[in-house]
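Down below is the structure, laid out as structure tokens.
Everything numeric here is computed off the predicted structure, so don't read it as measured data.
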Amino acid sequence: MKSINDRSQDIGPFVSQTDDAIIICRCEEITKGEIRQAIHDGMFTVNEIRRYLRAGMGLCQGQTCGKLVKNLIARELNVIPDQLDPATSRSPMRPMEMKVLGNEEVSHV
Amino acid sequence: MKRYDLIVVGAGPAGLSAAIEAARCGMSVAVFDENTKPGGQLFKQIHKFFGSKEHQAKIRGYKIGETLLAEAADAGVEVFLNATVAGIYLDKEVLVQIGAAMEHFKADTIIIATGAAENMVTFDGWTLPGVIGAGAAQTMMNLYGIKPGQRVLMLGSGNVGLVVSFQLMQAGCEVVALVDAAPKVGGYGVHAAKIARCGVPFYLSHTITKAEGSDCVSGVEISQVDEDFAPIPGTQKHFDVDTICLAVGLSPMSQLLKMAGCNMVDDPRRGGQVPQVDENGETSIPGLFAAGDVSGIEEASSAMIQGRMSGLAAAAYLGFLSEQDKDNRLADLEIALDSLHQGMFAPGNKGKTFTKTDEGIAVSQSLLKKGYLDDADLERFIHRSDQTDEKSGIHPVIECTQNIPCNPCQDACTRGCIKVGKTITALPRIDATISCTGCGMCIASCSGQAIFLVDEDYAPGYASITLPYEFLPRPQKGELGTALSRSGQPLGHAEIIDVRSAKTFDQTTLVTIKVPVEQAMTARFYQPETNAAGQ
Ligand SMILES: Cc1cc2nc3c(=O)[nH]c(=O)nc-3n(C[C@H](O)[C@H](O)[C@H](O)COP(=O)(O)OP(=O)(O)OC[C@H]3O[C@@H](n4cnc5c(N)ncnc54)[C@H](O)[C@@H]3O)c2cc1C
Ligand code: SF4
Ligand code: SF4
């Protein structure tokens with residue numbers, strides 16, 4: 001099994017592909033090419049791609065693109081997707097307005 | 001902060017079933033669901049379910065949902081709607097957004113039943129308006145009464161793709177093609193046959209290469225794929241469509257479990273990231289359970305059983321149920337769950353290719369490639385038990401040729417004409433020694449719409465065929481239309497000689513057509529004169 005934490009591994013140069021312009025993360029409008037480029041910049045995990053590009057940080061919180069991003073990373077690193085950790089899950093589960101999170105308009109049950 | 005014995009997240013079939021069992025054991029139970037309506041996926045499912053009596057077979061999904069809600073109310077379950085669970089913390093503390101307020105709850109046990117989300121595939125133009133998930137199409141049609149489009153192409157031949165294709169036609173859309181990259185139909189053959197006989201062409205080993213249009217979908221291009229699923233240049237086909245429906249699988253929405261710190265595994269056979277659970281759904285955190293699609297994509301029928309199991313286990317965990325009672329009741333549920341996990345489509349058989357049925361009959365390749373049984377297959381399947389087929393008069397013809405967990409046809413025929421036997425995945429057989437009264441209960445009870453009544457001696461030179469019909473408007477007696485073959489090809493004129501609907505048929509209309517006797521074994525659908533099938 002290949003270690004995906006081995007940052008010194010050579011994954012070869014970034015070679016553009018014909019469908020690099022396809023959007024992968026709809027919410028933040030991040031393309032396949034941008035994600036592949038980020039992997040070649042050294043972002044080897046879904047979490048790193050999230051922080052670097054905001055892919056998976058939009059309205060759906062990666063519900064749609066999470067698997068797609070994972071598959072892209074797996075292909076570039078030449079590992080199977082199951083070997084990659086998915087993005088961290090943390091509260092709040094859904095995007096939420098600050099005034100709600102801060103309970104400014106409280107009407108308790 | 002408010003306390004409960006049990007907090008359930010998700011009011012789908014799994015969550016509601018869990019809540020009912022726990023509340024009946026005396027627990028105080030709160031269920032949170034982020035939707036405005038409870039029921040999860042169930043209220044979108046207007047078709048009759050498979051399984052057996054104990055799995056509520058032949059009952060339509062939304063009716064099962066209504067029953068669950070009534071039972072939950074009876075048992076004293078509190079259901080909170082518009083209530084999104086935003087976080088789960090140590091010691092089973094839960095943060096919920098209800099309306100514009102954040103509320104804090106604590107429980108001694110938690111059951112996560114958050115279901116699944118639809119997968120997407122990417123192709124040129126996939127973000128154009130008009131490319132939607134099949135579940136979204138189902139929500140629009142069946143919950144809100146909105147037609148998703150006029151002309152639709154469906155990608156995905158699993159049960160979801162097949163069922164939603166049929167529902168799209170019921171809603172008045174035209175389904176121009178059913179496409180799948182796999183070389184064979186993934187879902188039940190009976191579901192495929194239902195849409196093939198309406199004339200929907202199947203394109204297996206094909207995928208979408210482009211959604212066309214500038215502001216929204218105006219067309220779609222599909223291409224054949226090679227063994228590695230790569231599109232083969234030069235094989236493109238174009239369809240004018242305004243909607244592209246994707247039914248390419250579901251992924252468990254297991255984020256809350258991960259957030260809570262449960263041990264997770266990545267299991268492609270269960271749909272992705274799922275919690276490690278024991279046989280009752282308990283995760284690596286004692287008192288925290290997962291049930292339904294969130295712990296592995298299956299079906300509503302199994303989600304309900306898993307929900308009940310986790311509800312009972314939670315009750316036993318807190319001492320609301322003795323260990324012995326728990327074991328007794330779980331044993332029955334395990335048997336019920338196990339019977340659903342049998343047959344060609346069992347979770348453990350995912351990806352396997354069957355060449356023969358359990359009975360040793362070669363499976364229909366035509367059903368797997370084109371969605372319908374061809375004439376050669378009929379020989380093998382239709383005359384299974386009644387070799388003495390000289391019988392005159394009305395008799396059932398069953399076109400159910402795969403080992404699926406289903407048997408309502410057997411219970412439907414009180415005369416005993418139809419036999420599935422103890423193993424519910426066995427193919428239904430006809431006992432030709434018992435004469436059929438033509439009551440039609442078998443047709444209406446068959447979740448796969450796979451039973452027909454044929455009378456070769458209806459009139460000199462003419463046969464009558466009674467078929468299940470679930471489109472509106474209902475045809476009228478005396479009406480003239482076209483008889484369609486299993487592949488939806490017009491065979492010639494058909495006259496409606498009888499139309500029956502009854503409460504016990506549960507919305508399925510039984511239409512009897514008169515066709516030339518040569519078509520007795522080929523005519524399987526009826527198309528009204530003025531419009532195309534399903535419109
Ligand atoms: C198109 C389609 C057709 C199907 N047809 C059939 C069929 O014919 N027969 C069959 O047996 N099965 C069928 N299924 C499968 C069946 O619907 C599912 O297996 C079943 O609904 C799973 O039940 P569940 O309770 O696990 O999840 P769901 O029914 O999905 O319910 C989960 C609930 O949790 C809520 N939720 C999620 N996250 C949160 C949160 N953070 N806070 C609050 N609430 C939350 C959701 O709003 C939802 O109401 C079909 C599925 C689809 C998509
Ligand atoms: S029509 Fe009635 S009697 Fe005949 S097989 Fe069906 S259920 Fe039995
Ligand atoms: S013929 Fe019987 S087993 Fe087959 S789908 Fe119909 S009801 Fe189920």
Side-chain angles (χ1 to χ4, degrees), chain A residues 17-33 35-36 46-47 55-56 58 60-72 74-75 79-109, chain B residues 1-2 9 30 32 34 78 80 83-89 93-105 114 116-128 131 133 209-210 246 248-251 253-262 264-269 271-273:
Chain A
Q17 293 176 357
T18 50
D19 59 353
D20 271 343
I22 280 188
I23 287 176
I24 298 293
C25 170
R26 290 191 290 201
C27 308
E28 297 287 323
E29 300 194 342
I30 315 286
T31 64
K32 179 177 175 189
I35 293 169
R36 290 182 51 248
V46 181
N47 271 336
C60 86
Q61 290 288 291
Q63 196 71 67
T64 307
C65 70
K67 254 192 185 166
L68 301 172
V69 171
K70 212 169 147 182
N71 288 340
L72 281 178
R75 214 169 307 146
V79 296
I80 53 169
D82 313 1
Q83 283 172 251
L84 296 167
D85 283 332
T88 310
S89 308
R90 55 167 68 86
S91 178
M93 257 284 288
R94 302 269 186 263
M96 218 163 257
E97 285 180 281
M98 282 309 284
K99 67 174 181 200
V100 173
L101 201 55
N103 244 356
E104 283 171 21
E105 293 162 19
V106 191
S107 62
H108 288 288
V109 279
Chain B
M1 183 193 71
K2 238 181 148 178
V9 189
F32 299 113
E34 61 185 335
E78 280 182 68
F80 296 84
T84 306
V85 173
I88 293 190
Y89 301 86
E93 309 229 10
V94 176
L95 182 64
V96 191
Q97 178 192 350
I98 301 178
M102 296 306 292
E103 305 284 351
H104 174 195
F105 294 87
T114 45
E118 298 198 84
N119 292 341
M120 289 287 137
V121 286
T122 56
F123 43 82
D124 198 6
W126 77 286
T127 54
L128 278 174
V131 181
T209 35
K210 192 175 175 183
L246 305 180
V248 291
L250 302 166
S251 292
M253 288 212 283
S254 55
Q255 293 93 331
L256 285 175
L257 291 153
K258 193 156 181 259
M259 193 187 295
C262 301
M264 305 293 287
V265 285
D266 207 313
D267 186 347
R269 284 219 320 233
Q273 274 282 308

Please give me the minimum heavy-atom distance between A:Ser91 and B:Ala86, naming the atom from each residue. OG-O, 3.1 Å
Does the distance from a Lys or Arg side-chain N to an Asp or Glu carboxylate O, for A:Asp85 and B:Lys258, drop under 4.0 Å? no
Between B:Asp267 and chain A, which part of the residue has a heavy atom less than 4.5 Å away: side chain, backbone, both or neither? neither
Option that, when pairs with chain B are counted at under 4.5 Å, heavy atom only, ranks first among A:Pro92, A:Pro81, A:Gly102, A:Ser89: A:Ser89
Are there over 12 heavy-atom neighbours, none belonging to B:Met1, within less than 6.0 Å of that residue's CE? yes
What residue among B:Gln255, B:Gln97, B:Glu34 forms side chain to side chain contact (heavy atoms under 4.5 Å, CB included) with A:Met93? B:Gln255
Output for pair (A:Glu29 CD, B:Thr127 OG1), nearest 0.5 Å, gives 7.5 Å
Tell me, for B:Val85 versus chain A, whether the close heavy atoms (under 4.5 Å) come from the side chain, the backbone, both or neither. backbone
Side chains of A:Lys32 and B:Thr122: is there a donor and an acceptor less than 3.5 Å apart? no
Let me know if A:Leu68 has heavy atoms under 4.5 Å from chain B in its side chain, its backbone, both or neither. side chain
Between the side chain of A:Asn103 and the main-chain N/O of B:Ala101, is any donor-acceptor distance below 3.5 Å? no
With a 4.5 angstrom heavy-atom cut-off, which part of B:Gln273 approaches chain A: side chain, backbone, both or neither? side chain
Please answer whether the main-chain N or O of A:Ile22 pairs with a side-chain N or O of B:Trp126 as donor and acceptor at a distance below 3.5 Å. no
Between atom CG of A:Asp19 and atom CZ of B:Phe123, what is the distance when rounded to the nearest 0.5 Å? 13.0 Å
For chain B, find which of A:Cys60, A:Ala87, A:Gly66, A:Pro86 contributes the most heavy-atom pairs closer than 4.5 angstrom. A:Pro86
Leading residue by heavy atom contact count with chain B [cutoff under 4.5 Å; candidates A:Glu104, A:Arg90, A:Glu97]: A:Arg90
Which residue out of B:Leu256, B:Leu95, B:Thr84 racks up the most heavy-atom pairs below 4.5 Å with chain A? B:Leu256
What heavy-atom pair brings B:Leu250 and A:Lys67 nearest, and what distance separates the two atoms? O-NZ, 4.3 Å
Residue from A:Leu101, A:Ile24, A:Thr88, A:Asp82 scoring the most non-hydrogen pairs under 4.5 Å with chain B is A:Asp82
